[in-house]
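Notes for the one structure printed next.
Worth knowing before you read on, the calculation uses all heavy atoms, side chains too, and leaves out hydrogens, waters and symmetry mates. All ligand and atom numbering here is 1-based and tracks the order in the structure.
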Amino acid sequence: MAWRPGRVLISQEEIAARVGDLGAVIGRDYAGRAPVLVVVLKGAVSFAADLARAIPLPVSTDYIGVSTYGSGMRSSGVVRLSQDLSMSIEGRDVIVVEDIIDTGRTINYLRRNLATRHPASVALCVLLDKVARREVEVAVDYVGFAIPDEFVVGYGLDHDGLYRTLGHLAVLEDRPGS
Ligand code: IMP
Ligand code: MG
């Protein structure tokens, strides 16, 4: 048996439509401002690239790496910074762009970390929200899709480093084969 991308949870077309909507909403909410997208490596890179193009404002982007100890499909909940931003966010309107919220521990850690740098504001935009798995309360400002408790891959999301390059979001399934 082997873990592979299976059933399509969200198609490429559905993703594109939703990302376009999010970009328009963010464009209205931040009209007249120049927010910085803080993109959480590596999972949010595909989403952030499309989202940034859909926001009709002069956005800038920067990247931050967090790692949660553990691999496979369950995280340990212990989070640390593995790569820092390249610029100061002091006085900036920050929009954190993340692929998925599961327990909420990663984003909770990140919010607290960014707050110490005195940004003007911090909002959170997440592609997927696994609502049923939440262990830590998090305020999410923009959500692409609420999804059930299934492990998904594609559109930036991986399983042990694989499947980020799929254009759609698929459920990881254990299937016979090599
Ligand atoms: P949290 O700290 O439990 O909220 O976990 C968030 C992180 O776990 C995300 O940034 C992902 O890297 C990873 N993750 C959680 N669920 C999935 C999934 O279904 N597919 C791929 N990665 C996931
Ligand atoms: Mg990940």
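- At a 4.0 Å heavy-atom cut-off, ligand 1 touches Asp158 through the backbone alone.
- Between His159 and ligand 1 there is no heavy-atom distance shorter than 4.0 Å.
- The closest approach between Glu150 and ligand 1 falls below 4.0 Å for a heavy atom of the residue.
- Between Asp99 and Arg164 no salt bridge is recorded (no basic side-chain N to carboxylate O distance below 4.0 Å).
- Not counting sequence neighbours, the partners of Asp50 by the side chain to side chain donor-acceptor pair (under 3.5 Å) test are Arg53, Tyr155.
- The only member of Val97, Val126, Leu51, Val143 that meets side-chain contact (heavy atoms from CB on, under 4.5 Å) when paired with Leu22 is Leu51.
- Distances between N or O atoms of Val152 and those of ligand 1 include at least one value under 3.5 Å.
- Residues Leu169 and Gly154 approach most closely at CD2-O, 3.4 Å, considering heavy atoms.
- The closest approach between Arg133 and ligand 1 stays at or above 4.0 Å for every heavy atom of the residue.
- Side-chain contact between Ile64 and Leu110 is present, with heavy atoms from C-beta onward closer than 4.5 Å.
- If you number the atoms of ligand 1 from 1 as listed, the ones under 4.0 Å from a heavy atom of Glu98 come out as 10 (O).
- Ligand 1 lies less than 4.0 angstrom from a heavy atom belonging to Gly104.
- The option from Asp160, Ile100, Val79, Val171 that lies nearest to atom 23 (C) of ligand 1, judged by heavy atoms, is Ile100.
- Residues satisfying the side chain to side chain donor-acceptor pair (under 3.5 Å) test with Arg18, not counting sequence neighbours, are none.
- Taking all atoms of both residues into account, the shortest heavy-atom contact from Pro5 to Ala170 is CB-CB, 3.9 Å.
- Per-residue contacts place Thr106 under 4.0 angstrom from the following atoms of ligand 1 (heavy atoms of the residue considered): 1 (P), 2 (O), 5 (O), 6 (C).
- Every atom of ligand 1 is numbered from 1 in the order shown, and the set under 4.0 Å from a heavy atom of Thr103 is 1 (P), 2 (O), 3 (O), 4 (O).
- The distance from ligand 1 to the heavy atoms of Lys130 drops below 4.0 Å at these ligand atoms: 16 (N), 17 (C), 18 (C), 19 (O).
- Classification of the Tyr142-Tyr30 ring pair by plane angle, with boundaries at 30° and 60°, yields tilted.
- Inclusion of Leu157 in the set of residues having an N or O under 3.5 Å from an N or O of ligand 1 is not warranted.
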